[in-house]
Amino acid sequence: MSKKNFLKLNFSKEHEKFLRIKRKSSLKITLIRLSLILFFIIFWELSAKFSLVDEFLVSSPSRIFFTISNLAITGKLFEDIGVTLLETIVGFILGTLLGIIFAVIIWWSDFVRKIIEPALIVLNALPKVALGPIIIVWIGANVRSIIVMALLVSVIISIINIVDSFKNTDKEKILLMKSFGASKYQILTKLILPASFSVLICTLKINIGMSLIGVITGEFLVASKGIGYLIVYGGQTFKLDLVMAGIVILSIIASSMYLCVVKLEKALIKRR
Amino acid sequence: MNSKKIVEFRNICMKYHSLKEETTALRNLCFSVFDKEFITIVGPSGCGKSTTLSLISGLIPPSSGEIFIEGSILTGINKYSAYMLQKDFLFDWRTIEENIFLGLEIKKKLNKTNKKYALKLLEKYGLKKFSKHRPYQLSGGMRQKVALIRTLTVNPKILLLDEPFSALDFQTKINISSEIKKIIKQEKKTAILVSHDISEAISLSDRVVVLSKRPSKVKKILKIEFDEKNLSSLEKRKHKKFNFYFDIIWNGLDKT
Ligand SMILES: Nc1ncnc2c1ncn2[C@@H]1O[C@H](COP(=O)(O)OP(=O)(O)OP(=O)(O)O)[C@@H](O)[C@H]1O
Ligand SMILES: [Mg+2]
């Protein structure tokens, strides 16, 4: 018998009731969310149809839908999504990994931290778009410089957040580890990293947005493919349907990546 | 009582340095702890009690003087000692069982025999059914007991207890402290307890060391003896000699 079933058998009437109310309220919230979105879409569609707003400027759900399906038929859509997705995921993974690695180095050596910290703060405050032209000249107008943009946007803030969490680990827990004779590496793996779990997950969630910002900025600057390019193209040729379609696709990409991170988080929590 | 000295402080001075100032925490501290003894250190706040324990554990070296552990000078981490602190510091991401294995893991001694010993301790002291639980599912008192078992699993000779009961409510404190005292006696350990609580010191210890205010020296060492053997800590608290000891310690403590 699984543990879950075993627990279920032991629930009292009151607890059953509590669970029923809990489930009901979460169902209610989901329903309200869905109907709000539905209401918004219908309202948008109708106001465009009855010319309450200018369809050319605000587009409409059906026009966005047709734009997307047209793009899908030509096959261009999947190519663009593929490019953007690839750039985002590579940038996201590199940014996060480098963030963690640098954070570990900075935590490990107080000396390095003192030297690097001011540079980090300046780099963090600097809008990374400003570095765009330099990156393009150095690396070339290609996918690689877009990935570097995504990486740059996410890595600095990752380092800052993770180092902060590392530093905030309870001093006395470290003392406890040391009293058992723990090495610095053991303190890192058995205490600092697991204690920073929620911050690491939070960094992942933030970095989805960060690397998307980097990728879209990069595509605005150099690309001939990708959703960012689609949006720029739409904007320059006044095809606002295309711009809107790009935005819709971006939100789908962002929320799918978010869901993946949430899945990962749940799997990791279960494993510990 | 066995009269073998397990810890000896010879003229220990301890100074802390910061950019702004130099703090002399301990000045010429001399005292000894005997094997399997339960000794309590009391003293005004900030006088250097925790510092004394850190010195014994070898986490920090003294500014001058020597510490002898079983007759030889201590350098580096003291392999014979293990810490128990005010908070239990159980790791929430580990089960109770994994928590008590922590010391063994760090020392790379997590083999079958030692695992078995650790789990036996858990069973012996009534926590076996919680072995797969998480720390947050246990009460404060139970968590402190787990923390004690975590220190015991590495089989230390000397237990360093830094106010381990001060975060507990009064009733739990009395129960857990006497239970933990019993465990320590049963496992034949030497215990050095730091406490703010004079009653706790009298009811648990064989001797009480009173430190003066900073820079601290030993002000008084008091042997606690009741005529009857094996009194529980509650019985000791009600004993007529209790107030006698209490007054001596109280009057010996520097008031700030
Ligand atoms: N790492 C440190 N750096 C500088 N000063 C320190 C350090 N640790 C302790 N001190 C100083 O040394 C003195 C003794 O500290 P310690 O923590 O040993 O006192 P304590 O008796 O345990 O105090 P409490 O009763 O508050 O726990 C205090 O004045 C404290 O400010
Ligand atoms: Mg202290």
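Being a predicted model, the structure only gives us computed values, none of them experimental. Sequence lines set the chain letters: A, B, ... in the order given, protein chains first and strands last, and positions in each chain run from 1.
Applying the salt bridge (Lys or Arg N to Asp or Glu O under 4.0 Å) test to pairs two or more places apart or on separate chains, none has a residue in residues 54-66 of chain B.
Phe9(B) has its side chain out of reach of Val33(B): every pair of non-hydrogen atoms, C-beta onward, lies at least 4.5 Å apart.
Side-chain atoms of Glu219(A) and Thr84(A) form a donor-acceptor pair, as typed in the model, at a separation below 3.5 Å. One side chain, Thr51(B) or Tyr16(B), offers a donor N or O that lies under 3.5 Å from an acceptor on the other.
In this structure, the portion of Arg94(B) lying under 4.5 Å from any heavy atom of chain A is its side chain and not its backbone. Neither the backbone nor the side chain of Ile269(A) comes within contact range of chain B, judged by heavy atoms closer than 4.5 Å. In this structure, no portion of Ile187(A) lies under 4.5 Å from any heavy atom of chain B. Both the backbone and the side chain of Glu172(A) come within contact range of chain B, with heavy atoms under 4.5 Å apart. Only the side chain of Phe91(B) comes within less than 4.5 Å of a heavy atom in chain A; its backbone stays farther off.
The pair Asp164(A)-Lys167(A) fails the salt-bridge criterion, with no side-chain N (NZ, NE, NH1 or NH2) lying under 4.0 Å from an Asp/Glu carboxylate O.
When the heavy atoms of residues 95-116 of chain B are compared with those of chain A, the residues falling under 4.5 Å are Leu102(B), Gly103(B), Glu105(B), Ile106(B), Lys107(B), Lys108(B), listed by number.
More than 12 heavy atoms of other residues, nucleotides or ligands shown are found within 6.0 angstrom of NZ on Lys124(B).
The side-chain tip of Lys181(B) points at the ring of Phe38(B) from less than 6.0 angstrom away and within 45° of straight on.
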